[in-house]
Amino acid sequence: MTELAGKHIVLGLSGGVACYKAAELTRLLIKAGATVQVVMTEAAGQFITPVTMQALSGRAVYGSQWDAREPNNMPHINLSREADAILVAPCSADFIARLVQGRADELLSLLCLARPAGRVPLLLAPAMNREMWAHPATQRNLAQVAADGATVLGVGTGDQACGETGDGRMLEPPEIMDELSAFFTPKRLAGQRVLVTAGPTFEAIDPVRGITNLSSGKMGFAIARAAREAGAEVTLVSGPVHLPTPRGVRRIPVQSAQEMLQAVASQAQGASIFIATAAVADWRPAQPSGQKIKKDGSGAVPTLAFVENEDILATVAKSERARSGALFCVGFAAESENLLEHASAKRLRKGVPLLVGNIGPATFGQDDNTLVLIDEQGHRTLPRASKQALARELVADIASRVAPLR
Ligand code: CTP
């Protein structure tokens with residue numbers, strides 16, 4: 001379940017081509033367990049019909065402050081009081097200007113003005129042409145609505161409906177979903193700087209071959225995302241995986257264990273929490289060939305000699321910052337049998353206060369997992385769930401172990 005389950009969202013559409021994305025956004029919100037009440041301006045009706053939005057949201061769409069369906073004839077009061085949040089997506093340049101002025105001559109701006117500001121947050125997903133976005137009037141208005149308490153989501157960059165290219169596109173529906181679920185997540189890690197390693201490493205044999213493993217990176221990416229949603233500043237050092245970078249997370253791509261160690265060593269200086277989920281190769285070819293190794297036709301096979309990679313987690317856990325308690329280290333253990341026994345021994349060997357065990361072959365590449373949290377006191381199992389749900393639980397657990405920072 002996400003943070004959006006059970007939330008009631010008033011989704012406001014103002015006029016813009018990006019209205020087509022509001023249809024998909026509604027589907028995603030419903031899928032996440034939210035209820036959606038759509039409110040459209042007259043201009044939005046030029047881009048998408050209330051019929052589509054009603055069919056997708058399962059509720060009659062509101063478009064007028066004179067809507068007589070409400071027994072008290074006050075849709076602006078009723079709709080804004082029952083919402084957990086009002087999200088305007090797309091939010092046009094004109095609509096932002098209207099909010100700045102506190103206009104109340106049509107339903108959507110009226111209900112934004114009438115909302116109990118301390119209880120019902122207002123989120124805006126701007127959408128407009130790049131010149132309109134860059135115009136000082138728009139930027140001035142955005143600063144003002146933010147100062148008045150609205151949360152202004154970012155915009156995307158790219159091709160625009162007008163044929164131009166630049167900033168101002170509305171975020172894609174999955175990106176808005178991420179922003180919204182981050183918005184509702186308690187900020188347990190506010191002020192923390194979290195460093196995560198994820199994915200496999202790739203140890204070159206020659207320029208076209210190498211040794212790697214089956215780690216998909218999914219657990220580490222889910223943890224990076226959950227930590228960011230919980231208010232942390234997150235850096236993700238990732239081996240080669242084809243996963244999108246979670247929104248708001250800084251990603252440092254690496255290939256080999258040596259590159260990962262280098263990136264981690266420099267980032268760990270400023271971090272307060274280090275979570276090592278990467279499946280780091282234990283060994284690398286001692287002498288990778290500068291050129292592709294060729295068959296010579298004789299049937300002879302190359303002999304590979306290996307050297308051991310440095311243990312990134314153990315190295316960080318031994319550092320002065322970790323030992324003084326300024327850096328809280330969390331390890332992972334991918335085992336194939338005797339999970340509790342191996343993982344408990346690994347916690348002591350690595351010198352970390354918390355180690356998270358899982359059965360590697362059962363989880364590599366999957367979307368769900370089971371975790372065992374092992375600390376000095378004992379262990380606790382997080383039963384089978386999606387990696388994202390487990391990541392949220394793990395982040396909450398870690399937050400309870402580190403001193404709050406503000
Ligand atoms: N790890 C690391 N650097 C390494 C090897 C492992 O940082 N060179 C980290 C992993 O990211 C994980 C933990 O150490 O957090 C345990 O990794 P795992 O592969 O389960 O254990 P190993 O140390 O490789 O031990 P073994 O091979 O005996 O299982």
Side-chain angles (χ1 to χ4, degrees), residues 194-204 210-224 227 234-241 243 252-268 271 273-286 306-319 321-322 327-365 369-375 379 382 387 390-391 394-395 397-398 401:
V194 175
L195 176 62
V196 183
T197 63
T201 61
F202 180 90
E203 311 297 329
I211 292 173
T212 186
N213 60 63
L214 289 174
S215 166
S216 64
K218 284 180 181 170
M219 195 67 226
F221 276 59
I223 289 170
V234 183
T235 301
L236 176 61
V237 178
S238 172
V241 294
L243 291 175
I252 303 178
V254 296
Q255 292 274 326
S256 67
Q258 282 177 304
E259 284 174 22
M260 187 173 274
L261 174 64
Q262 222 171 30
V264 166
S266 73
Q267 297 302 318
I273 298 172
F274 175 49
I275 308 173
T277 72
V280 184
D282 290 320
W283 308 280
R284 65 176 181 276
F306 289 91
V307 289
E308 192 172 316
N309 279 322
E310 206 170 321
D311 191 314
I312 301 171
L313 176 61
T315 306
V316 174
K318 270 197 271 215
S319 69
R321 295 196 68 238
L327 175 63
F328 185 81
C329 293
V330 183
F332 263 69
E335 305 296 341
S336 62
E337 55 165 1
N338 298 339
L339 179 58
L340 200 53
E341 189 187 322
H342 286 318
S344 303
K346 197 168 276 180
R347 188 185 78 81
L348 296 174
R349 207 164 63 236
K350 304 265 175 180
V352 292
L354 178 64
L355 190 117
V356 183
N358 63 158
I359 296 288
T363 177
F364 280 167
N369 198 0
T370 306
L371 299 180
V372 184
L373 276 47
I374 300 160
D375 64 10
H379 72 277
L382 304 184
K387 287 184 176 173
L390 290 170
L394 178 60
V395 159
D397 183 280
I398 293 170
R401 294 168 191 264

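Please read all numbers here as calculations on a predicted model, not as lab measurements. In each ligand, atom 1 is the first atom listed, and ligand 1 is the first ligand listed.
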- request: Give the residue, atom name and distance (to 0.1 Å) of the protein heavy atom nearest atom 8 (N) of ligand 1.
  value: E310 O, 3.0 Å
message: Could you check whether any side-chain N or O of S256 sits under 3.5 Å from a backbone N or O of F202, counting only pairs where one atom can act as donor and the other as acceptor?
response: no
- prompt: Run the side-chain contact (heavy atoms from CB on, under 4.5 Å) check on L354 and F328 step by step: do they pass?
  reply: CA-CA 9 Å; L354 178 64; F328 185 81; 4.2 Å; yes
Subset of ligand 1 atoms that lie under 4.0 Å from at least one heavy atom of A278: 10 (C), 11 (O)
Where ligand 1 meets A333 - atom numbers and elements under 4.0 angstrom, heavy-atom basis: 20 (O)
message: Out of E308, K350, R284, M260, who is nearest to atom 1 (N) of ligand 1 when you count heavy atoms only?
response: K350
message: Show the atoms of ligand 1 that are less than 4.0 angstrom away from any heavy atom in A334.
response: 20 (O)
- prompt: So, D375 side chain and L355 main chain: donor-acceptor pair closer than 3.5 Å or not?
  reply: no
message: For the 3.5 Å polar cut-off, considering only N or O atoms, please tell me whether T277 and ligand 1 meet it.
response: no
message: Out of all atoms in ligand 1, which are within 4.0 Å of some heavy atom of K346? Include the element for each.
response: 16 (C), 18 (P), 20 (O), 21 (O), 22 (P), 25 (O), 26 (P), 29 (O)
query: Is there a side-chain contact between I275 and F332, using heavy atoms and a 4.5 Å cut-off?
result: yes
query: Who's closest to atom 3 (N) of ligand 1 heavy-atom-wise, of I312, T197, T201?
result: I312
- prompt: What protein heavy atom is closest to atom 17 (O) of ligand 1, reported as residue, atom name and distance in Å?
  reply: F332 O, 3.6 Å
- prompt: Less than 4.5 Å apart, any side-chain heavy atom of L214 and any of P200?
  reply: no
query: Just to confirm, does any protein heavy atom lie below 4.0 Å from atom 15 (O) of ligand 1?
result: yes
query: Is any N or O atom of D282, backbone or side chain, closer than 3.5 Å to an N or O atom of ligand 1?
result: yes
task: Report the nearest protein non-hydrogen atom to atom 5 (C) of ligand 1: residue, atom name, distance rounded to 0.1 Å.
output: V280 CB, 3.8 Å
- request: With the side chain counted from C-beta on, respond yes when V307 and R284 share a heavy-atom pair under 4.5 Å apart, and no when they do not.
  value: yes
- request: Record the part of R349 in heavy-atom contact with ligand 1 below 4.0 Å; permitted values are side chain, backbone, both and neither.
  value: side chain
query: How does H342 reach ligand 1, by side chain, by backbone, by both or by neither, if only non-hydrogen atoms under 4.0 Å count?
result: neither
task: Provide the number and element of each atom of ligand 1 under 4.0 Å from a heavy atom of G331.
output: 15 (O)
field: Side-chain heavy atoms of H342 within contact of E337, under 4.5 Å
entry: yes
task: Report yes if the side chains of V356 and M219 come closer than 4.5 Å at any heavy-atom pair, otherwise no.
output: no
field: Min side-chain heavy-atom separation T201-V254 under 4.5 Å
entry: no
message: Would you say CD of E335 has more than 12 non-hydrogen atoms from neighbouring residues, nucleotides or ligands within 6.0 angstrom?
response: yes
- prompt: Any idea which atoms of ligand 1 are less than 4.0 Å away from a heavy-atom of A276?
  reply: 11 (O), 12 (C), 15 (O)
query: Given T197 and F274, is the side-chain contact (heavy atoms from CB on, under 4.5 Å) satisfied, shown in steps?
result: CA-CA 8 Å; T197 63; F274 175 49; 3.7 Å; yes
- prompt: What is the nearest protein non-hydrogen atom to atom 7 (O) of ligand 1, stated with its residue, atom name and distance?
  reply: L313 N, 2.8 Å
